[in-house]
Amino acid sequence: MFVQEVTKWYQINRRTLPWRNTNDAYIIWLSEIILQQTRVEQGLPYFYKFQERFKTVKEFALASEDEVLKLWQGLGYYSRARNMHATAKAVMEKHHGVFPTRYEQLLQLKGIGEYTAAAISSFSANEPHAVVDGNVYRLLSRFFGISTPIDSTQGRKQFKELAYELLKEAQPAEYNQAIMEFGAIQCKPASPNCAECPLSVNCVAFIEGIVNTLPIKTKKTKVKERFFNYLVFRNNNDLLLNKRIAKDIWQNMYDFPLIESANRLSEKELLISDDFKQLISTKSVIIKAVSEELKHVLSHQVIYAKFWELECNHQENSTMQNGFWVAEEELESYAFPKLVDNYLKKF
DNA sequence: AAGGCGGGGGA
DNA sequence: TCCCCAGCCTT
């Protein structure tokens, strides 16, 4: 009953999306990685950009990581872009440039976990692997009244088993699309459309009036505060950039020489700090301006950032391993985190 | 098992 | 504000 109703609803209410109605595993892979933890509306323009720039997995593999990250700029979770690039190369080397469609092979590729392997293998080859994403957790927990936390090991196991059980009576490709679409459009997280829901008569959460308490999640991410003091060195038309190579946020993207402090720094505290002296090195520098404090919120940290604009009479960066000077017109080819991009747009 | 990893949108 | 989004990887 559940499977039939969800499928019937889907056939009437499905959105037309550019990655549907294809069984090209490469195109489906593009869309699935972009959509991880990302709403369709937010990912859509990126899907078009990537599809246009990289017509084939070979073109993707031949690109530079810098270019891939630049295309990905603004979408977040940048490891997705780095992993995609690695996977494109692996497909060239290990699969002769033919994107695999088998679940077990897909799982071997970077950035592809159980969900994405199930999605690609079912959509491209109709393999019977159940997708279990946020939409599926929500819909199943409500309809069957399951209160096991979805972020527990037991919960993941229970929902996965149920999803696979339901898939037995279904057409994998269509039903996997259907159950996610139903969760995204009909059984939404907040204010789901229960009044017009074809499942409501049998929905445990609806009958018991606990729709908005499900699904249950136990862990909450705690947010860390960080204080960034960016030094924007300018010499005539050139700016000093930094490549972020540390194991930290925004890996392999670009920003400016950075002094991070445990708390908010006054101008005096910044100027007398050892970090500042070290970055200045032998440069003679004039402070031209300082930006307002920009607050940048990530899911797991809040960054308070100030940009110090420094006029510099000569170029040297001996104290910075990953520093290099770039002409202002060249900035557009570097991938910047949103925080830095926001600053650059103003200045 | 827990924590890290972006950015945006809805209520 | 808080929560969630077509999750995955490392520790």
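Every chain is numbered from 1 and lettered A, B, ... according to where its sequence line falls, protein lines coming before strand lines. Scope of the values below: all heavy atoms of this structure, side chains included, with no hydrogens, waters or symmetry mates.
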* **Whole-Å gap separating P (B/dG7) and CD (A/E41)** => 19 Å
* Contacting residues from residues 242-264 of chain A, given that a heavy atom lies under 4.0 angstrom of DNA chain C -> A/K247
* **Same apolar cluster (I L V M F W Y, side chains within < 4.5 Å links), A/F47/A/L35** => yes
* **C/dC8 to B/dG8 separation - P atoms, rounded to the nearest Å** => 22 Å
* Qualifying side-chain hydrogen bond (donor to acceptor under 3.5 Å, both in side chains) pairs, either residue in residues 215-224 of chain A, two or more places apart -> A/D151-A/T218
* Asked: Between residues 3-39 of chain A and DNA chain B, which residues have a heavy-atom gap below 4.0 Å?
  -> A/Q37, A/T38, A/R39
* Go through residues 112-124 of chain A and report each residue with a non-hydrogen atom lying under 4.0 Å from DNA chain C, sorted by number. => A/I112, A/G113, A/E114, A/Y115, A/T116
* Asked: If only side-chain N and O atoms of A/H300 are considered, is one of them under 4.0 Å from the OP1 or OP2 phosphate oxygen of B/dG4?
  -> no
* Look at A/R53 together with A/E67 and state whether they make a salt bridge at an N to O cut-off of under 4.0 Å. => yes
* To do: With P as the reference atom in both, quote the distance from B/dG4 to C/dA6 in angstrom, rounded to an integer.
  => 24 Å
* **With A/E267 via side-chain hydrogen bond (donor to acceptor under 3.5 Å, both in side chains) - residues at least two apart** => none
* Asked: Is the closest basic N to carboxylate O distance between A/D238 and A/R234 below 4.0 Å?
  -> no
* Asked: Rounding to a whole Å, what distance do you find between A/L44:CG and B/dG8:P?
  -> 16 Å
* Identify, residue by residue, the members of residues 135-151 of chain A with a heavy atom below 4.0 Å from DNA chain C, and return them in order of residue number, or none. => A/N135, A/R138
Indicate every side-chain donor-acceptor pair of residues 240-247 of chain A with a distance under 3.5 Å to a residue at least two apart or in another chain.
unit_1 : atom_1 : unit_2 : atom_2 : d
A/N242 : ND2    : A/D255 : OD1    : 2.8
A/R244 : NE     : A/I249 : O      : 3.1
A/R244 : NH1    : A/D255 : OD2    : 2.9
A/R244 : NH2    : A/D248 : OD2    : 3.2
A/R244 : NH2    : A/I249 : O      : 3.1

* side-chain hydrogen bond (donor to acceptor under 3.5 Å, both in side chains) with A/S31: which residues, sequence neighbours excluded? -> none
* Separation of B/dG7 P from A/L339 CG (nearest whole Å) -> 8 Å
* Structure fact -> Rounded to the nearest 0.5 Å, the CD1 atom of A/I185 sits from the CG atom of A/N13 at a distance of 8.5 Å
* Check whether any side-chain N or O of A/H296 sits under 4.0 Å from OP1 or OP2 of B/dG7, and answer yes or no. => yes
* Asked: With a 4.0 Å cut-off on heavy atoms, is A/K110 in touch with a base, just the backbone sugar-phosphate, or nothing at all?
  -> sugar-phosphate
* **Pair A/H129-A/Y164, side-chain donor/acceptor within less than 3.5 Å** => yes
* **Pair A/W308 + A/Y230: ring centers closer than 6.0 Å** => no
* Asked: Does the distance from a Lys or Arg side-chain N to an Asp or Glu carboxylate O, for A/R15 and A/E181, drop under 4.0 Å?
  -> yes
* Structure fact -> Between A/W29 and the options A/F54, A/F99, A/F50, the ring pair (Phe, Tyr, Trp, His ring centres under 6.0 Å) test singles out A/F99
* Asked: Toward the 5' end of DNA chain B, which comes first, A/R80 or A/Q154, by nearest nucleotide?
  -> A/Q154
* CG of A/L298 versus C1' of B/dG6: gap in Å, rounded? -> 6 Å
* Structure fact -> Its dot-bracket string being built from Watson-Crick and G-U pairs below 3.5 Å, with | for another strand and [ ] for crossing, DNA chain B has the pattern |||||.|||||
* Of all nucleotides in DNA chain C with an atom under 4.0 Å from a non-hydrogen atom of chain A, which is the first and which the last going 5' to 3'? -> C/dC4 to C/dT11
* **Salt bridge flag under 4.0 Å for residues A/K157 and A/E161** => yes
* Which word best sums up how the rings of A/F256 and A/Y343 line up, parallel for under 30°, tilted for 30 to 60°, or perpendicular for over 60°? -> perpendicular
* Does A/E293 have any side-chain hydrogen bond (donor to acceptor under 3.5 Å, both in side chains) partners at least two apart in sequence or in another chain, and if so, which? -> A/R264
* Looking only at side chains, do A/D66 and A/Y254 share a donor and an acceptor under 3.5 Å apart? -> yes
* Atom CD1 of A/I146 and atom CD1 of A/I216: how far apart are they, to the nearest 0.5 Å? -> 11.0 Å
* Check every strand shown and say whether A/G43 touches a base, only sugar-phosphate, or nothing at a heavy-atom separation below 4.0 Å. => nothing
* Mind checking A/T221 for me? I need base, sugar-phosphate or nothing, with any heavy atom below 4.0 Å counting as a touch. => nothing
* Asked: Base, sugar-phosphate, or nothing: which does A/K220 touch, judged by heavy atoms less than 4.0 Å apart?
  -> nothing
* Asked: Relative to the 5' end of DNA chain B, which residue comes earlier, A/S191 or A/K224, by the nucleotide with the nearest heavy atom?
  -> A/K224
* **Spacing between A/L75 atom CG and B/dG9 atom P, to the nearest angstrom** => 12 Å
* **Any residue meeting side-chain hydrogen bond (donor to acceptor under 3.5 Å, both in side chains) with A/R156, in chain and number order, not counting sequence neighbours** => none
* Heavy-atom distance under 4.5 Å between the side chains of A/F144 and A/V204, does that happen here? -> no
